[in-house]
K.L.:
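Take a look at the following structure, please.
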Amino acid sequence: MIRGTDVVPVRHLNTFLTLAETAVDRRFECPYIKTYEFDGDFIDDVHRSVVSGIDANGMIDFGIEGWLLPADALKLYELVHFCRGDVLELGTYRGLSAAVAALSSTEAGIENVVISFDMSPTETETARQNLRDRPGHERVHLFSVEAGQGVRDLARAKRMFNFAFVDHSHQYEYVFDVCQSLHRVMYVGAFALFHDFNDPRNAAQDAPDYGVYQGVLDGLDPRRFEFWGIYGCSGLFRRIGPV
């Protein structure tokens, strides 16, 4: 069982969208809503600073290439801040989300690590360079490995995490594969945030490479995960029993 905070999280069932409803792009209409209660709109000034710069495309400008809507970035920071333990990231790319996770961990005073997988050695090395001077970079450990295989390797090593950010692929089979094993590396009570969950391309007939929504709902065992909310383009699920 995950431990470390006495703050009771709040579930937002009313934010759920069917696959048909995601066909209309609602990503910019799904706001950041607090899962944990704290004073004000932001946990701290650093939380606020994550969304202080916005690109013309509506994504945050954090000095590292990537695609996080403001609501995605704020939710990622919040969940890492309150998870009070180790973070698993699937899909490093250039290091944007890892930088947010490391920053949140540092500001929260968590003694943790951020384990991040990406199957591209080139992107892994780019992320390593991008993170080099960032707050909390020393806690980030990058590995070039396919996400599904990486999760199975962690499970065999009995490695467990307090939070997971999943953004390794848009393709159904790769998302489904990870979701089949994710419960093996997450404590009961831990949250998993799936990026591009409600991207309209998941429901588009002419976008066969997109199937995040379907992969998550088909791959996660409903006895072990339950839906908790949609924020920006990210879907939040929580690990429940059985172990």
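Because the structure is predicted, anything quoted here is derived from the model rather than measured. What you see below is based on every heavy atom in this structure, not just the backbone, and it leaves out hydrogens, waters and symmetry mates. We count residues from 1, following the sequence as given.
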K.L.:
Between Asn112 and Arg139, does the side chain to side chain donor-acceptor pair (under 3.5 Å) criterion hold? Intermediate values first, please.
P.N.:
CA-CA 7 Å; Asn112 71 345; Arg139 72 183 70 221; 2.6 Å; yes

K.L.:
On the 0 to 90° scale, with breaks at 30° and 60°, tag the Phe117-Phe143 ring pair as parallel, tilted or perpendicular.
P.N.:
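Perpendicular.
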
K.L.:
Considering all heavy atoms of both residues, which atom of Ala102 and which atom of Gly136 are nearest to each other, and what is their separation?
P.N.:
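Looking at all heavy atoms of both residues, the closest pair is CB-O, 3.7 Å.
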
K.L.:
Working to the nearest 0.5 angstrom, can you tell me the gap between Glu89 CD and Ser97 OG?
P.N.:
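Separation between the atoms: 3.5 Å.
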
K.L.:
Find out if a path of hydrophobic residues (ILVMFWY) with successive side-chain heavy-atom gaps under 4.5 Å connects Ile110 to Phe165.
P.N.:
no

K.L.:
With sequence neighbours excluded, what pairs up with Gln214 under the side chain to side chain donor-acceptor pair (under 3.5 Å) test?
P.N.:
none

K.L.:
Would you sort out whether Ile54 and Ile60 count as a side chain to side chain contact (heavy atoms under 4.5 Å, CB included), showing the intermediate values?
P.N.:
CA-CA 4 Å; Ile54 306 296; Ile60 67 165; 4.2 Å; yes

K.L.:
Which of these, Thr126, Leu131, Thr124, sits in a side chain to side chain contact (heavy atoms under 4.5 Å, CB included) with Arg128?
P.N.:
Thr124

K.L.:
Sequence neighbours excluded, which residues qualify as salt bridge (Lys or Arg N to Asp or Glu O under 4.0 Å) partners of Glu123?
P.N.:
Arg94

K.L.:
Just wondering, do Leu182 and Phe225 contact through their side chains at under 4.5 Å, heavy atoms?
P.N.:
yes

K.L.:
Report the residues that fulfil side chain to side chain donor-acceptor pair (under 3.5 Å) with His141, sequence neighbours left out, ordered by chain and then residue number.
P.N.:
none

K.L.:
Given side chain to side chain contact (heavy atoms under 4.5 Å, CB included), test Val51 with Phe42 step by step and report yes or no.
P.N.:
CA-CA 11 Å; Val51 295; Phe42 302 97; 4.3 Å; yes

K.L.:
Taking only residues two or more places apart in sequence or in another chain, which ones pass side chain to side chain donor-acceptor pair (under 3.5 Å) with Gln129?
P.N.:
Glu125, Arg132

K.L.:
Quick one: which residue pairs count as a salt bridge (Lys or Arg N to Asp or Glu O under 4.0 Å) with a foot in residues 103-117, not counting sequence neighbours?
P.N.:
none

K.L.:
Quick one: hydrophobic cluster around Leu69, which other residues, with the 4.5 Å side-chain cut-off, linked directly or via members?
P.N.:
Phe28, Met59, Trp67, Tyr93

K.L.:
Under the salt bridge (Lys or Arg N to Asp or Glu O under 4.0 Å) rule, what pairs show up with a residue in residues 29-51, not counting sequence neighbours?
P.N.:
Lys34-Glu37

K.L.:
Under the side chain to side chain donor-acceptor pair (under 3.5 Å) criterion, do His81 and Tyr36 qualify, and how do the steps go?
P.N.:
CA-CA 10 Å; His81 180 95; Tyr36 292 92; over 6 Å; no

K.L.:
Within this structure, what is the OH-OG1 distance for the pair Tyr231 and Thr35, rounded to the nearest 0.5 Å?
P.N.:
4.0 Å

K.L.:
Between Val216 and Cys179, what is the shortest heavy-atom contact and its length?
P.N.:
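Nearest pair, atom of Val216 first, then Cys179: CA-SG, 3.8 Å.
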
K.L.:
For Ser52, does its backbone N or O pair with a side-chain atom of Ser49 as donor and acceptor, under 3.5 Å?
P.N.:
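Checked: no pair found.
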
K.L.:
Quick check on the hydrophobic clustering: are Ile33 and Val10 connected, directly or via other members, by side-chain heavy-atom contacts under 4.5 Å?
P.N.:
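Different hydrophobic clusters.
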
K.L.:
Report whether Tyr77 and Val7 are members of the same hydrophobic cluster (ILVMFWY, side-chain heavy atoms less than 4.5 Å apart, transitive linking).
P.N.:
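Yes, because Tyr77 and Val7 connect within a single hydrophobic cluster, where side-chain heavy atoms sit under 4.5 Å apart.
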
K.L.:
Calculate, to the nearest 0.5 Å, the distance between atoms CZ and OG1 belonging to Arg201 and Thr22 respectively.
P.N.:
11.5 Å

K.L.:
About how many Å separate CG of Leu74 and CG of Leu79, when rounded to the nearest 0.5 Å?
P.N.:
11.0 Å

K.L.:
Suppose we screen for salt bridge (Lys or Arg N to Asp or Glu O under 4.0 Å). Which residues come up paired with Asp153, at least two apart in sequence or across chains?
P.N.:
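Salt bridge (Lys or Arg N to Asp or Glu O under 4.0 Å) list for Asp153, sorted by chain: Arg156.
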
K.L.:
Just wondering, do Phe82 and Pro9 contact through their side chains at under 4.5 Å, heavy atoms?
P.N.:
no

K.L.:
So if I apply the side chain to side chain contact (heavy atoms under 4.5 Å, CB included) rule between Phe163 and each of Leu76, Asp86, Leu88, which one comes out positive?
P.N.:
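Looking at Leu76, Asp86, Leu88, the match for Phe163 under the side chain to side chain contact (heavy atoms under 4.5 Å, CB included) is Leu76.
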
K.L.:
What distance separates Ser104 OG from Glu78 CD, expressed to the nearest 0.5 Å?
P.N.:
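Here the rounded value is 9.0 Å.
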
K.L.:
Looking at every heavy atom in both Ser169 and Val212, which two are closest together, and how far apart are they?
P.N.:
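So the minimum-distance heavy-atom pair works out to O-CG2, 3.8 Å.
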
K.L.:
Do Tyr210 and Ile230 belong together in a cluster built from hydrophobic side chains that touch within less than 4.5 Å?
P.N.:
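Not linked; separate clusters.
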
K.L.:
Return yes if some donor-acceptor pair links the side-chain N/O of Asn202 with the main-chain N/O of Phe197 below 3.5 Å, else return no.
P.N.:
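Judged by distance alone, yes, a pair lies under 3.5 Å.
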
K.L.:
Please report the closest heavy-atom contact between Asp118 and Gly91, naming both atoms and the distance.
P.N.:
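Heavy atoms only, the tightest pair is OD2-C, 3.9 Å.
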
K.L.:
Is a side-chain N or O of Asn162 found less than 3.5 angstrom from the main chain of Cys83, in a donor-acceptor match?
P.N.:
yes

K.L.:
Between Arg27 and Asp199, does the side chain to side chain contact (heavy atoms under 4.5 Å, CB included) criterion hold? Intermediate values first, please.
P.N.:
CA-CA 7 Å; Arg27 292 172 295 173; Asp199 189 299; 3.2 Å; yes

K.L.:
Taking the side chain from Gln171 and the backbone from Asp209, do they hold a donor-acceptor pair closer than 3.5 Å?
P.N.:
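No, because the side chain of Gln171 does not come within donor-acceptor range (under 3.5 Å) of the backbone of Asp209.
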
K.L.:
Please identify each residue that fulfils salt bridge (Lys or Arg N to Asp or Glu O under 4.0 Å) with Arg11, with sequence neighbours left out.
P.N.:
Glu226

K.L.:
Distance-only, no hydrogens or angles: does the Tyr174 side chain make a donor-acceptor pair with backbone N or O of Ala147 under 3.5 Å?
P.N.:
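The answer is no, because no donor-acceptor pair under 3.5 Å joins these two groups.
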
K.L.:
Clusters formed by hydrophobic residues whose side-chain heavy atoms approach within less than 4.5 Å: which one holds Phe176, and what are its other members?
P.N.:
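Tyr172, which link up through side-chain heavy atoms under 4.5 Å apart, make up the rest of the cluster.
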
K.L.:
Any sub-3.5 Å donor-acceptor pair from His195's side-chain atoms to Asp72's backbone N or O?
P.N.:
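Side chain of His195 to backbone of Asp72, a donor-acceptor pair under 3.5 Å: no, none is there.
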
K.L.:
Drop me the distance from Phe227's CZ to Leu13's CG, to the nearest 0.5 angstrom.
P.N.:
7.0 Å

K.L.:
Could you see if Met119 belongs to whatever hydrophobic cluster contains Val140? Use Ile, Leu, Val, Met, Phe, Trp, Tyr and a side-chain cutoff under 4.5 Å.
P.N.:
no

K.L.:
Checking Arg239 against Phe161: charged group under 6.0 Å from the ring centre and within 45 degrees of the axis?
P.N.:
no

K.L.:
Between Cys30 and Asn198, what is the shortest heavy-atom contact and its length?
P.N.:
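Result for this residue pair: SG-ND2, 3.9 Å.
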
K.L.:
Which atom names give the shortest non-hydrogen contact between Asn130 and Arg134, and what distance separates them?
P.N.:
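Minimum heavy-atom separation between Asn130 and Arg134: O-CG, 3.5 Å.
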
K.L.:
Suppose the criterion is salt bridge (Lys or Arg N to Asp or Glu O under 4.0 Å): which pairs have a residue in residues 160-187, not counting sequence neighbours?
P.N.:
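Counting only pairs at least two positions apart or across chains, the salt bridge (Lys or Arg N to Asp or Glu O under 4.0 Å) contacts touching residues 160-187 are Arg152-Asp177.
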
K.L.:
Kindly assign one of parallel, tilted or perpendicular to the pair Phe237 and Phe194, based on the angle between their ring planes and the thresholds 30° and 60°.
P.N.:
perpendicular

K.L.:
With Asp221, which residues qualify under side chain to side chain donor-acceptor pair (under 3.5 Å), at least two apart?
P.N.:
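Only Arg223, Arg224 meet the side chain to side chain donor-acceptor pair (under 3.5 Å) criterion with Asp221.
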
